[in-house]
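The sequence lines fix the lettering, A, B, ..., with proteins before strands; numbering per chain opens at 1.
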Amino acid sequence: MAEQAQQHPDNALPLNLIEAINHALGQAMEEDDRVVLLGEDIATNGGVFRATEGLKERFGLRRVMDTPLAENLIAGLAVGMASQGLKPVAEIQFMGFIYAALEQLISHAARLRNRTRGRLSCPLVIRAPFGGGIHAPEHHSESTEALFAHIPGLRVVIASSPARAHGLLRAAIACPDPVLFLEPKRLYRLQRLPVSVDESPLPLDTCFTLRAGHDLTLISWGAMIHETLAAADALADQGVQAEVIDVACLNPLDRNTLLTSVSKTGRAVIIHEAPGHGGFGAEIAATLAGDGLMQLRAPVERVTGYDCPMPYFAMEQRYMPSVERIVAAAQRTLEY
Amino acid sequence: MAEQAQQHPDNALPLNLIEAINHALGQAMEEDDRVVLLGEDIATNGGVFRATEGLKERFGLRRVMDTPLAENLIAGLAVGMASQGLKPVAEIQFMGFIYAALEQLISHAARLRNRTRGRLSCPLVIRAPFGGGIHAPEHHSESTEALFAHIPGLRVVIASSPARAHGLLRAAIACPDPVLFLEPKRLYRLQRLPVSVDESPLPLDTCFTLRAGHDLTLISWGAMIHETLAAADALADQGVQAEVIDVACLNPLDRNTLLTSVSKTGRAVIIHEAPGHGGFGAEIAATLAGDGLMQLRAPVERVTGYDCPMPYFAMEQRYMPSVERIVAAAQRTLEY
Amino acid sequence: MNTPFTTTPYQPHTRLTRLGAESNWQRLCDGYRTMVLIRQFDKKAINLQRTGQLGTYASCLGGEAIATAAGQALHDNDYFVPYYRDHATQYLRGVPLHQVLQYWGGDERGNVFPANTPAARDLPYCVPIASQLTQAAGIATKAKLGHEHAAVLATCGDGATSRGDFYEALNVAGVWQLPLVVLINNNQWAISVPRALQSASTTLAHKAQAAGIEGFQVDGNDLPAMLEALDYALDKARHGKGATLVEALSYRLCDHTTADDASRYRKASELHVAWQNEPLARLRQVLVAAGHWSADLETGWLGECQQRVDDAIEHYLNTPPAPATDMLDYLYAALPEALRAQRQALQQTAGGSHG
Amino acid sequence: MNTPFTTTPYQPHTRLTRLGAESNWQRLCDGYRTMVLIRQFDKKAINLQRTGQLGTYASCLGGEAIATAAGQALHDNDYFVPYYRDHATQYLRGVPLHQVLQYWGGDERGNVFPANTPAARDLPYCVPIASQLTQAAGIATKAKLGHEHAAVLATCGDGATSRGDFYEALNVAGVWQLPLVVLINNNQWAISVPRALQSASTTLAHKAQAAGIEGFQVDGNDLPAMLEALDYALDKARHGKGATLVEALSYRLCDHTTADDASRYRKASELHVAWQNEPLARLRQVLVAAGHWSADLETGWLGECQQRVDDAIEHYLNTPPAPATDMLDYLYAALPEALRAQRQALQQTAGGSHG
Ligand SMILES: Cc1ncc(C[n+]2csc(CCOP(=O)(O)OP(=O)(O)O)c2C)c(N)n1
Ligand SMILES: Cc1ncc(C[n+]2csc(CCOP(=O)(O)OP(=O)(O)O)c2C)c(N)n1
Ligand SMILES: [Mg+2]
Ligand SMILES: [Mg+2]
């Protein structure tokens, strides 16, 4: 695919989300030889989801490193490398295994620049597949993005389409700040869509309005964007025009786009897979209850996972927000 | 102190917050020999804040254990002990060092009962001093309670007075669920107040209304309760009657008390030390923007730490919410 | 301690002399039966996954002697802290095979081990690599504080030894003299990462030195050697003589899980060589040579296994799905007020899928 | 490797023969000067804390030879990854003493090491115990990938060796053959917890075996021995010969920090014995005996130190507080739109306190 890209620089390539990730990684490594990859099973195996497939062959084992099995180590290595000018892109195999890396991310990656008043910096990217819906074993379906969005200094970016995955990952790698880059694994192979791989990277601090509407605002990110768009279609059939916003960057947050939309619609439904209690939807609802309050015409609805861990997969469909639940919440807001 | 308590069972003892913690620990260990303590420097040294002073002498090294220096180990040991019927109370020396313990708390402590459908359970308590204001070194002033409040299955309890520290800690130890118990270190030695040590433990899922008022609701927890009460006094001088609620239990959350108060006052200011973005104040504001929206007469204000790490101590006073900032926010809400 | 636990090619005679007594032969025959049963179970489980009736499944092919020895060496009042390939051990502790299927079928009820069995207190499979080991140290602390005369056996893979948890658990077991045995199933691979890329330590057993405890290697394809090693280490633990690290050398004859394709990173020739050393054939050969097993017994037992596995599968497939409200009902000892509304909403929403 | 690095009582003669050359004596005298300077600095810093002009401070009393040897053995293009008692090393790398005071005075500007010094790339003090060690391994990886012919020296205490980070860092250094030297300042105490309660490992140096790297003990109160040990280990790293774990044996002659009272958990008699072995007097004795140091030189140097420390303190105390907006201005490479309003609010709020 990379070859293809080089042959027809202007062509958009048909890529699914994981192929877009793979392509963006290869592209970044070609453009900047400070970019190195590390993680578990990323070299010879090309990653358990194949995000790094072919990269060891193209760039060699010195830039595509299989680490010993230790997430705290992976994060610490990345912080050390980044502190001295490399641009490590580390893969945590599943978000459910990122917790051992939190001390490095919270206490070091997010603080190194601030702590040294700019003398050192920490331009690392931590990639992790997140979310449920693929019938995976326990701990393989987590979405705890809210934990990271609360860490000042750490950017949190979430892709929801091949094109945004490509543009946002390239931006994350180019970014001089540490970035947690979350990939909705349920979408990895959902569909191939054209990706203009040679366009400049996407901005890291703006929401993406995926659909315009004036009746209410549906706000989501990650895999749930798809249920959200489906809900918008269903609402359209009922003559309701929903605006759909992909938040994409949870920290820093583009409040303006959200406030502008809701000041227009007066109604908001926030959708995410994670448990509602203390989830990131709360921050958005709180923003609307603050600067946006006077424009609100109906209670802000949150459609989320229940306040329990993602159940083993036999029940995961019962856990995750469905199109029906989103539509029902939207209709409740329209009753005001 | 324990002796005293035994001599005059009905007397309230004058205790400061750390003495109340110490007393509650001793009392729990006497009442239930499944209760064991573990942590760094808790035995011979009695804890760096003296929370466990004298307990090694009273209960011996088999029940007051100095562990090797490893927070992930401390949490794992506690999970293992709790899974087999002990009631471990582990001290993490400062909240800033708890991150290495997160995998055990998120992936195991909070899930063991659910994962085994009640066959096993995890009745542990993790105690940690949190918050700033004591001119401590870096990482010694964290308040990342929001990270834990988002973990289903993990109770998060925060004391803000000697009496509540005593009653809530005894409840946390008695509780069959895992509990993170946060202690506002700035209040440890602030003042001695009467504590009726023989009353039954306090409930773990209700807010405490510390002051009644009808003009607006001030919502806070931990050390900030004191700035909040001071702000309420200042407002009273201006003829404004503020209701003050100590949330105390962040998960599960007592929404009713909060909604009832705000449905009465129509105005809310939420105060916490942690960064505002994605902080737990957002969950409360979101609750008000949901079921409480129709009663809101003014935007919900959040007075919090700035969205950066707690600075080194020379600047910490500039970081933390002040009485002035709280009063100013209250006045903004009163303009509506 | 090193001599008895050989890593050299299997030598029946040396083994036999040491195993003399009838009771030992009986034990080996029982172990052999378990290994055959589990291998059949394993094959069927993989088929269930391939036909969409089971989730991602971790095969135990090649590790049967290790997990079986663990189950045989454990006493009823010992504690078992498994990782996710210990189907044989769970079975011997009293977990019915249909519950093992439930677990891999995405049903928490697979972790509700029968109350009247040694498994009743055991921890369920642990997915976050090595995180079970510090918990095992905590259980060992409880056993020691209670003077229980019980041992804790915790298992993990070779890859798991790279995690700090592994080291922290061994270290506290050393300094607290805990009744803990950590058994490494060194099957040479952590998904695609070979043993050599995990650590430069001479052997994984050498890592015991960092904790000041005893460590040694044992041939994990050799049931008698495994039994000898675990009998020694567990007995030592029960008698308050401290912790032991046992590195069992074997080979992962299967893909990492049904979601993996080992041919991407592993030579067929290497796999072929490993098969020459696989634990079942080797044990059968000895049992037959010593007159303790025969073709007839084999045929009879294979039929019996077939039956038991089929029954387990039928039980698994015919178990009605659990109510969705289970996801909330077991999270806390009692449903918190704050979750009431969610529980109601959950009852009202539709759907749910099985397997 | 073990022999040259003695842990037996100090023997001047054996040392001298090996140290022969003038240049070596020069180096020892320089080292001695640093040790004296730092001890004076340390005393004054504690006084500043006691008088409310400094925050909680970690004294380096008793560890002067270890930190000084580190600073002397490092080359300019090496990397230093400290923990929080390495004032002497930071000083030798080029960090002015007033910045060390700023750090302990709660001012991030203490971490802005001068650009034109070897310290420019060094990491600042690390507070979360042992978390600097995996970072050091990452820096060593960068040095190796870049064929830098540079070594990374990371320090930690004895208590830090109980954290998984310590093990994970050594383990990757072993398997990746990293140019990393981990130097343990084993001062026998982790706050109130003695070495014996951290690990049952024979020595902390033995822990190197878990990573398949070389490890040895050295007398941390013996500057020549420390220099010899670190010269060897760093040179080995620079030449791609792999990582080394160095356990320097010393004793924490001070309270853990100014917030600690060691008399609660430590016998005065033990402290008294430790003082007999303290590094400054021992080195002075040798230098004087060999005619490389004298009472006059001592007096002169003490005066010089007095001056330097007073200058540093004055510089520290006279530095105006930083603007509060610094807490936002350095968090990201550029201030995000989302933080604009907060920055404004911060400018408008009152107050701020120093020291
Ligand atoms: C903390 C953590 N990181 C990553 C994974 C993903 N993962 C599952 S199994 C495995 C390899 C484990 O190898 P090993 O310890 O040798 O056990 P084996 O599967 O070979 O028996 C990995 C990386 C995980 N489950 N947990
Ligand atoms: C992760 C972590 N846990 C706990 C602490 C609190 N603490 C600070 S220093 C210290 C003891 C460290 O002992 P050691 O490693 O021997 O270094 P020393 O201070 O003796 O030089 C502890 C427990 C910390 N800073 N970081
Ligand atoms: Mg393996
Ligand atoms: Mg020490």
Side-chain angles (χ1 to χ4, degrees), chain A residues 34 36 38 62-63 65 67-86 88 90 100-101 103-104 106-124 152-155 175-178 204-206 249 251-256 291, chain D residues 79 81 107-115 119-128 130-146 148 152 154 163-165 167-169 171-172 174-176 178 211 322 326-339 341:
Chain A
R34 294 170 306 169
V36 297
L38 65 157
R62 299 177 72 84
R63 292 182 67 190
M65 298 171 246
T67 65
L69 202 173
E71 287 70 16
N72 173 62
L73 170 68
I74 291 169
L77 286 169
V79 169
M81 291 172 174
S83 74
Q84 303 301 324
L86 286 183
E103 181 169 71
Q104 287 292 333
I106 295 175
S107 299
H108 294 297
R111 299 183 185 194
L112 189 57
R113 176 188 291 277
N114 178 60
R115 171 186 293 151
T116 60
R117 292 298 187 243
R119 178 173 65 88
L120 300 174
S121 65
C122 199
L124 59 76
L154 180 66
R155 292 177 178 268
C175 179
D177 305 317
L204 279 187
D205 42 20
T206 62
C249 302
N251 185 44
L253 176 64
D254 168 17
R255 290 185 159 73
N256 301 340
D291 299 345
Chain D
Y79 301 82
V81 180
D107 185 341
E108 288 85 351
R109 290 173 297 180
N111 292 329
V112 187
F113 304 155
R121 300 182 306 179
D122 292 348
L123 294 193
Y125 283 158
C126 181
V127 171
S131 59
Q132 73 276 22
L133 300 177
T134 52
Q135 296 167 11
I139 297 174
T141 306
K142 180 254 186 182
K144 180 177 178 135
L145 293 176
E148 290 182 25
V152 178
R163 289 244 318 176
D165 310 59
Y167 165 76
E168 291 177 355
N171 190 57
V172 75
V175 74
W176 287 2
L178 297 178
D326 278 10
M327 73 174 80
L328 292 173
D329 288 345
Y330 294 96
L331 189 55
Y332 300 89
L335 187 76
E337 170 65 29
L339 291 184

Rounded to the nearest 0.5 Å, what separates atom [atom1] in [X] from atom [atom2] in [Y]?
X         : Y         : atom1 : atom2 : answer
Leu73(A)  : Leu133(D) : CG    : CG    : 11.0 Å
Tyr332(D) : Asn114(A) : OH    : CG    : 10.0 Å
Ile139(D) : Met81(A)  : CD1   : CE    : 10.5 Å
Glu168(D) : Leu77(A)  : CD    : CG    : 9.0 Å
His108(A) : Gln132(D) : NE2   : CD    : 7.5 Å
Asp107(D) : Arg117(A) : CG    : CZ    : 7.5 Å

task: Report the residues that fulfil side-chain hydrogen bond (donor to acceptor under 3.5 Å, both in side chains) with Asp205(A), sequence neighbours left out, ordered by chain and then residue number.
output: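 Partners of Asp205(A) by the side-chain hydrogen bond (donor to acceptor under 3.5 Å, both in side chains) criterion come out as none, since no residue qualifies.
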field: Gln84(A): partners by side-chain hydrogen bond (donor to acceptor under 3.5 Å, both in side chains), with sequence neighbours left out
entry: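 Partners of Gln84(A) under the side-chain hydrogen bond (donor to acceptor under 3.5 Å, both in side chains) test: none.
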Could you look at [X] and say if it's the side chain, the backbone, both or neither that has a heavy atom under 4.5 Å from chain A?
X         : value
Ser131(D) : both
Ala136(D) : neither
Val175(D) : side chain
Ala115(D) : neither
Asp165(D) : both

Any side-chain heavy atom of [X] sitting closer than 4.5 Å to one from [Y]?
X         : Y         : result
Gln135(D) : Leu112(A) : no
Tyr330(D) : Thr116(A) : no
Val36(A)  : Lys142(D) : no

Looking at chain D, which one of [options] has the largest number of heavy-atom pairs inside 4.5 Å, strictly under?
options                         : value
Val79(A), Leu38(A), Asn72(A)    : Asn72(A)
Arg111(A), Arg63(A), Met65(A)   : Met65(A)
Ser121(A), Pro152(A), Pro176(A) : Pro152(A)

Quick one: what part of [X] sits under 4.5 Å from any heavy atom of chain D, side chain, backbone, both or neither?
X         : value
Leu253(A) : backbone
Leu154(A) : backbone
Ala110(A) : backbone
Asn251(A) : side chain

task: For Glu108(D) and Arg115(A), run salt bridge (charged side-chain N to carboxylate O under 4.0 Å, His left out): C-alpha distance rounded to whole Å, both residues' side-chain angles, the deciding distance at 0.1 Å, then the answer.
output: CA-CA 6 Å; Glu108(D) 288 85 351; Arg115(A) 171 186 293 151; over 6 Å; no
message: Cation-pi check for Phe113(D) against Arg119(A): NZ or CZ below 6.0 Å from the six-membered ring centre and within 45 degrees of the axis, yes or no?
response: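 Judged by the rule (NZ or CZ under 6.0 Å from the ring centre, within 45° of its axis), Arg119(A) counts as positioned above Phe113(D).
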field: Intermediate values then yes/no, side chain to side chain contact (heavy atoms under 4.5 Å, CB included), Asn256(A) and Glu337(D)
entry: CA-CA 10 Å; Asn256(A) 301 340; Glu337(D) 170 65 29; 4.2 Å; yes
message: So which atom in Thr134(D) and which in Gly76(A) form the shortest heavy-atom distance, rounded to 0.1 Å?
response: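 Answer, listing the atom of Thr134(D) first, then Gly76(A): OG1-CA, 3.3 Å.
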message: Given Ser83(A), which partner from the list Leu123(D), Val81(D), Asp122(D) fulfils the side chain to side chain contact (heavy atoms under 4.5 Å, CB included) test?
response: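 Of the listed residues Leu123(D), Val81(D), Asp122(D), the side chain to side chain contact (heavy atoms under 4.5 Å, CB included) partner of Ser83(A) is Leu123(D).
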